[in-house]
Amino acid sequence: MKRKYWLMKSEPSAYSISDLERENVTCWDGVRNYQARNFMRDDMQKGDGVLFYHSNIVPPGIAGEAVIAKTSYSDYTAWDPKDPHYDPKSRRERPTWFMVDVQFVRKCREIITLAQLKETDGLEGMEVVKRGSRLSVTPVSQEAWNIIMRKFR
DNA sequence: GCCAACGTTGGC
DNA sequence: GCCAACGTTGGC
């Protein structure tokens, strides 16, 4: 299957690119949005490229590159009443929420800021540059990926 | 801290 | 099934 590309948001106060660098691999738990879940559950394949995006910080932007290390499986944090993302709707026999494993590839030398992304020709179609975009997992086109990879240098 | 945008919930 | 109220996200 052809390699696909994604942008995944995280608040660095909760989990940053440096946390991923230290851990190497992490499970992307806590996603509680159906559209984002569907992308993870149905479309992500091992080896897909990931833009690791820092949200809710100044400045927001792409902080590094990662790769999908494991396809989706049940997000067990939904079953834990003590977890902040606990969801009683999700049953073990019929899980509502899913996660994937994400592996560190590299950090950006400098954050590629949202402002820069908005100014870059060819990235107009990216979800993250659109006004009011809140989806935490979004597909990235091959073209957009290539443009952004050039900015990593 | 503010608030626009958006998703979810629940009464009807 | 509609839609107002509410909660969350996330840029600024």
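- The 5' end of DNA chain C is approached more closely, in terms of each residue's nearest nucleotide, by A/H85 than by the other of A/K118 and A/H85.
- Distance alone, capped at 3.5 Å, is enough to place a donor-acceptor pair between the A/D48 side chain and the A/K4 backbone.
- If you find the closest nucleotide of DNA chain B to A/S133 and to A/N56, the one lying nearer the 5' end belongs to A/N56.
- Atoms NZ and CG, from A/K9 and A/L51 in turn, are 12.5 Å apart once rounded to the nearest 0.5 Å.
- Rounding to the nearest 0.5 angstrom, the gap separating the CE atom in A/M44 from the CH2 atom in A/W6 is 5.5 Å.
- When atom types are taken as modelled, the side chain of A/T77 and the backbone of A/H85 share no donor-acceptor pair closer than 3.5 angstrom.
- Aromatic ring orientation, A/Y73 versus A/Y76: tilted (interplanar angle from 30° to 60°).
- Contacts of A/K130 with the nucleic acid, taken as non-hydrogen atoms under 4.0 Å apart, are absent.
- Between chain A and DNA chain C, the heavy-atom contact criterion of under 4.0 Å yields a 5' to 3' nucleotide range of C/dG7 to C/dC12.
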